[in-house]
Amino acid sequence: MQDDLERVLFHETTILSRLDEIAAQISKDYSRKELTVIAVLNGSLMFMADLLRRIPLPLNLDCLSVASYHGKAQTSGEVIFKQIALPDVQDRHILILDDILDSGNTLAAIREKLETARPRTIKVCVLLSKKKQRARKVDADYIGFEIEDEFVVGYGLDYDERYRNLPYIGVLRHELIKG
Ligand code: IMP
Ligand code: MG
């Protein structure tokens with residue numbers, strides 16, 4: 001798998017030490033609040049597991065599963081929710097966790113949907129945020145790393161469902177991306 005990468009962007013140790021910092025900030029911001037973390041599967045799996053183990057607060061955890069990519073490297077714009085029932089978040093403080101903020105379509109759709117369940121507050125935490133013009137405006141409250149507009153894989157992020165199990169994040173070689 002490593003041969004498929006153009007270069008490594010963030011080694012595992014770099015990711016984990018950044019998670020120490022974000023977790024400390026989240027723990028401070030949510031002390032004495034009824035926190036519900038909503039993780040967006042599958043991409044945020046590793047991020048969720050490593051981040052939440054660093055937050056020593058009582059919290060609820062729910063996962064949402066959405067699809068918008070369909071195996072390609074460009075967003076389709078359409079976000080499909082794979083479950084019918086939303087978690088019970090009324091009056092709770094929601095923190096949405098996602099792997100990467102790209103066009104903004106996914107997080108904007110999730111945020112909109114969760115607002116209908118009448119939470120007290122909603123914040124967004126992403127591991128990666130691409131520096132680019134977004135199709136939809138989404139403000140992430142916590143960002144692990146800002147990256148250039150390149151296609152990255154590893155540490156939960158996939159290309160056509162591959163590479164999620166790489167322990168680090170790297171840029172996928174351009175010639176492996178099908179139009
Ligand atoms: P958005 O809706 O365009 O913001 O895209 C969000 C979703 O697209 C993320 O949760 C990822 O699953 C996927 N995605 C966007 N950019 C990348 C990338 O560089 N590598 C892998 N997946 C990506
Ligand atoms: Mg994906």
Side-chain angles (χ1 to χ4, degrees), residues 15 18-147 152-153 155-158 161 164 169:
I15 298 170
R18 180 69 185 124
L19 294 196
D20 286 337
E21 296 172 355
I22 300 175
Q25 188 62 51
I26 291 172
S27 305
K28 196 165 149 234
D29 295 349
Y30 286 91
S31 60
R32 297 163 206 277
K33 286 194 179 138
E34 300 273 9
L35 174 61
T36 295
V37 172
I38 309 253
V40 184
L41 297 181
N42 296 326
S44 72
L45 254 176
M46 315 285 171
F47 176 41
M48 167 187 75
D50 285 334
L51 182 73
L52 295 190
R53 279 180 291 180
R54 290 170 163 72
I55 301 179
L57 294 178
L59 56 83
N60 289 2
L61 172 63
D62 261 298
C63 296
L64 273 186
S65 195
V66 297
S68 63
Y69 259 56
H70 317 294
K72 287 169 275 170
Q74 280 147 40
T75 182
S76 64
E78 186 193 6
V79 177
I80 301 155
F81 286 78
K82 294 189 186 166
Q83 66 270 85
I84 300 157
L86 278 182
D88 179 14
V89 292
Q90 193 171 347
D91 290 331
R92 295 192 63 95
H93 295 279
I94 294 184
L95 182 62
I96 304 171
L97 293 189
D98 204 357
D99 52 359
I100 188 164
L101 182 52
D102 184 17
S103 71
N105 284 322
T106 306
L107 278 167
I110 290 172
R111 208 191 160 113
E112 235 166 53
K113 187 106 171 174
L114 287 171
E115 266 158 13
T116 65
R118 299 202 283 135
R120 189 162 293 196
T121 62
I122 301 185
K123 281 192 183 185
V124 172
C125 173
V126 290
L127 178 63
L128 304 173
S129 172
K130 287 191 190 174
K131 291 185 225 159
K132 68 188 284 190
Q133 192 77 28
R134 304 198 200 290
R136 294 191 65 181
K137 190 182 171 313
V138 178
D139 290 317
D141 302 276
Y142 307 94
I143 296 172
F145 305 97
E146 292 213 277
I147 63 168
V152 295
V153 294
Y155 195 70
L157 291 136
D158 73 305
E161 293 306 324
R164 291 197 198 275
I169 295 168

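What you see is a predicted model, and the numbers here were worked out from it, not measured in a lab.
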(request) Mind checking the NZ-OG spacing from Lys132 to Ser103? Nearest 0.5 Å is all I need. (result) 6.5 Å
(message) To the closest 0.5 Å, what do you measure between NZ (Lys33) and OG1 (Thr121)?
(response) 6.5 Å
(request) Quick one: pull up CZ in Phe47 and CG in Leu128 and give me the separation to the nearest 0.5 Å. (result) 8.5 Å
(request) Compare all side-chain heavy atoms of Cys125 with those of Ile26 and state whether any distance is below 4.5 angstrom. (result) yes
(message) Keeping Asp141 on the side-chain end and Val124 on the backbone end, is there a donor-acceptor pair under 3.5 Å?
(response) yes
(request) Report the distance from atom CG of Leu45 to atom CG of Asp158, rounding to the nearest 0.5 Å. (result) 11.5 Å
(request) Over all heavy atoms of both residues, which pair between Asn42 and Glu161 is shortest? Give the atoms and the distance, please. (result) ND2-OE1, 4.2 Å
(message) Please determine whether side-chain contact (heavy atoms from CB on, under 4.5 Å) holds for the pair Glu34 and Asp91, giving the CA-CA distance in whole Å, both sets of side-chain angles, and the decisive distance to 0.1 Å.
(response) CA-CA 8 Å; Glu34 300 273 9; Asp91 290 331; over 6 Å; no
(request) Nearest 0.5 Å please: distance from the CZ atom of Phe81 over to the NZ atom of Lys113. (result) 5.0 Å
(request) Mind listing the closest non-hydrogen atom pair of Ala109 and Arg136 along with its distance? (result) N-NH1, 4.1 Å
(message) Could you report the tightest heavy-atom contact between Ile94 and Pro119, atom names first, then the distance?
(response) CD1-CB, 3.6 Å
Please set out all donor-acceptor pairs under 3.5 angstrom arising from side-chain atoms of residues 49-67, sequence neighbours excluded.
residue	atom	partner	partner atom	Å
Asp50	OD1	Arg53	NH2	2.8
Asp50	OD2	Tyr155	OH	2.7
Arg53	NE	Ala49	O	2.9
Arg54	NE	Asp20	OD1	2.7
Arg54	NH1	Asp50	O	2.8

(message) Test side-chain contact (heavy atoms from CB on, under 4.5 Å) on Val37 and Met48; report intermediate values, then the result.
(response) CA-CA 9 Å; Val37 172; Met48 167 187 75; 5.5 Å; no
(message) Is it the case that the side chain of Arg92 and the backbone of Asp88 share a donor-acceptor pair, with hydrogens and angles ignored and the cut-off at 3.5 Å?
(response) no
(request) Carefully, step by step, assess Asp99 and Val40 under the rule side-chain contact (heavy atoms from CB on, under 4.5 Å). (result) CA-CA 8 Å; Asp99 52 359; Val40 184; over 6 Å; no
(request) Walk me through it: do Leu127 and Arg18 pass the test side-chain contact (heavy atoms from CB on, under 4.5 Å)? (result) CA-CA 9 Å; Leu127 178 63; Arg18 180 69 185 124; 5.9 Å; no
(request) Look at atom CD of Gln90 and say whether more than 12 heavy atoms of other residues, nucleotides or ligands are closer to it than 6.0 Å. (result) yes
(request) Specify the closest pair of heavy atoms between Val126 and Ala140, including all atoms of both residues, with the distance to one decimal. (result) CG2-CB, 3.9 Å
(message) For Asp29 versus Lys123, what's the shortest heavy-atom pair and its separation?
(response) OD2-NZ, 4.3 Å
(request) Identify the heavy atoms of Ile96 and Arg111 that sit nearest to each other, and give their distance. (result) CD1-CA, 4.3 Å
(message) Can you tell me how far apart CG (Leu157) and CZ (Arg164) are? Round to the nearest 0.5 Å.
(response) 7.5 Å
(message) Just checking Lys28: does its NZ atom have more than 12 heavy atoms from other residues, nucleotides or ligands closer to it than 6.0 angstrom?
(response) no
(message) Does the plane of the ring in His93 sit parallel, tilted or perpendicular to the ring in Tyr30? Use 30° and 60° as the thresholds.
(response) perpendicular
